[in-house]
Amino acid sequence: MSYKAPRGTADVLPGDSRKWQWVEETIKQVCRRFHYEEIRTPLFEHTEVFQRGVGDTTDIVQKEMYTFEDRGGRSITLRPEGTAPVVRAYVEHKMYGQANQPAKLYYFAEMFRYERPQKGRMRQLNQFGVEVLGSADPAIDAEVIDLAMSCYREMGLTSLKLVINSLGDKESRENHRQALIEHFSPHKHELCSDCQMRLENNPLRVLDCKQDREHPAMRTAPSILDYLNVSSRDYFEQVKEYLDAIGIAYEVDKNLVRGLDYYNHTAFEIMSEAEGFGAITTLAGGGRYNGLAEELGGPSTPGIGFGMGLERLLMALDAENQKIPVDRSLEAYVVAVDNQAQKEAIRLVSTLRKNGIQADKDYLGKKMKGQFKAADRYQTKFVLIIGEDELKDQTVTVKEMSTGNQKTIDRDKLIDFMKEKCLGGKGHE
RNA sequence: GCGGCCGUGGCGAAGUGGUUAACGCACCGGAUUGUGGCUCCGGCAUACGUGGGUUCGAUCCCCACCGGUCGCCCCA
């Protein structure tokens, strides 16, 4: 009997984990530059946090959540997205009362969505995300978008498209919603079954339908941008001006609609335009959610953020042929020529490590040639040999693999020699 | 959730209704008794996704399931 990882999940093995580490490190550095702080929230929440936060009629809540009852009879849900939990934490810990506002937060977290898996669409997926709470300045919208784009740029991605839209404030949305219902209702029977439902629940989504895209009513449908009230329109204009000011190119797509209920005002999506990316091109998506904190029981607090799929980021790097700098070398490999030398070899490895030098040895009882072969495969910089002669003379033979040069050094001078060679007297970062 | 395609050792990849299921890579050992590559020689491995069915006999044909993949839906 053998087992497989459950459908839609994946193991990250050593070859790939280095890539993940690099991606995470790179993003964290960007976050530091933007002055954002990490927040970590639980893997699961009370189901209600998502029902109220994300919205009862959304696909995520209706058919994609991993929900179960725990032993205490509570309804628990594995987080399907990152914003609602962060806002919940912000409200719960009364972070609105803290001195430093707005709260500029980032997270790395795995999300869970019960969907049919595909490449770039997993049931357990990893996201990097950012949430800013407490500022309704359009400049922060631009900053958040800048942060997302900077992460991609930092990793060398170039084939990207930023799409933005405004969903307006509550009043604008309501007016638009009414207009949509009035516009589509006469054609209701001509629309696909999904759209007939959408027309009742969330008419905005009709605009996003791929099936009815060619329907004549689509072209004449009322655009949200025409229904923005003065303040909403003004807000959107300012966001665009700030984006222009920091040199970020974008495209306005009046049909860009986000799938979660909490969004208003600024909505954006970053897509890959790299060849062979298939149907799934969205790398990151986000927007403003000014009513969410209130919805989750807190004071009225503006917020904006995004989620970035890390599996898709790795795919994009791959599609653009961006090589991830992965250092697989090893500083020292200790070779024991025979059994007599084992003890000394083990002692030497341990001493090297205590002195900050990467060191390893053979544990398979290989002969000398096999040990060298292993050292070669590990891209070892120095092989340290201990054999009969070295034991007798209290020395170690050091071979620099790149040149093939080797010399014999007194045992008590070895560590200083290796430190000089490997650490340059400065030590590791 | 819907439709198409796919599933052979660790990886890649032939193949057939019937005695030991090719080959390449990788790995291990030897040629080279204290030294990496190449070459040559030898070796290795829980391999036909799972379960049924048809058949004298199935890795091959049929069905179901599982998994992957592509498209739809939706999204990261």
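Only this structure's heavy atoms are used, side chains among them; waters, hydrogens and symmetry mates stay out. Small disclaimer: the values here were computed from a predicted structure and weren't measured. Note on naming: letters A, B, ... go to the chains in the order of the sequence lines (proteins, then strands), and numbering restarts at 1 for each one.
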Those residues that, when tested against A:Gln127, pass side chain to side chain donor-acceptor pair (under 3.5 Å) (two or more places apart): none
Residue pairs passing the salt bridge (charged side-chain N to carboxylate O under 4.0 Å, His left out) test with at least one member in residues 370-389 of chain A, sequence neighbours excluded, are none
Could you summarise the pairing of RNA chain B as dot-bracket text, marking Watson-Crick and G-U pairs under 3.5 Å with ( ) or [ ] inside the strand and | across strands? (((((((..(((.....[....))).(((((.......))))).....(((((..]....))))))))))))....
Partners of A:Tyr262 by ring-ring contact (aromatic ring centres under 6.0 Å, His included), sequence neighbours excluded? A:Tyr289
With sequence neighbours excluded, what pairs up with A:Gln371 under the side chain to side chain donor-acceptor pair (under 3.5 Å) test? none
Using distance only, find each side-chain donor-acceptor pair of residues 407-416 of chain A under 3.5 Å and give its atom names and separation, not counting sequence neighbours.
residue: A:Thr408; atom: OG1; partner: A:Thr397; partner atom: OG1; Å: 3.1
residue: A:Arg411; atom: NE; partner: A:Glu344; partner atom: OE2; Å: 3.4

Listed partners of A:Glu110 passing side chain to side chain donor-acceptor pair (under 3.5 Å), at least two apart: A:Arg79
Of the residues in residues 4-12 of chain A, which ones touch RNA chain B at a heavy-atom distance under 4.0 Å? A:Arg7, A:Gly8
Tell me, for nucleotides 36-47 of chain B in 5' to 3' order, what letter each nucleotide earns: B for a base near a protein heavy atom under 4.0 Å, S for only sugar-phosphate near one, - for neither? BS----------
Within residues 39-49 of chain A: residues closer than 4.0 Å to RNA chain B (heavy atoms): none
Pairs flagged by side chain to side chain donor-acceptor pair (under 3.5 Å) wherever residues 18-32 of chain A is involved - sequence neighbours left out: none
Test ring-ring contact (aromatic ring centres under 6.0 Å, His included) applied to A:Tyr152 - qualifying residues, sequence neighbours left out: none
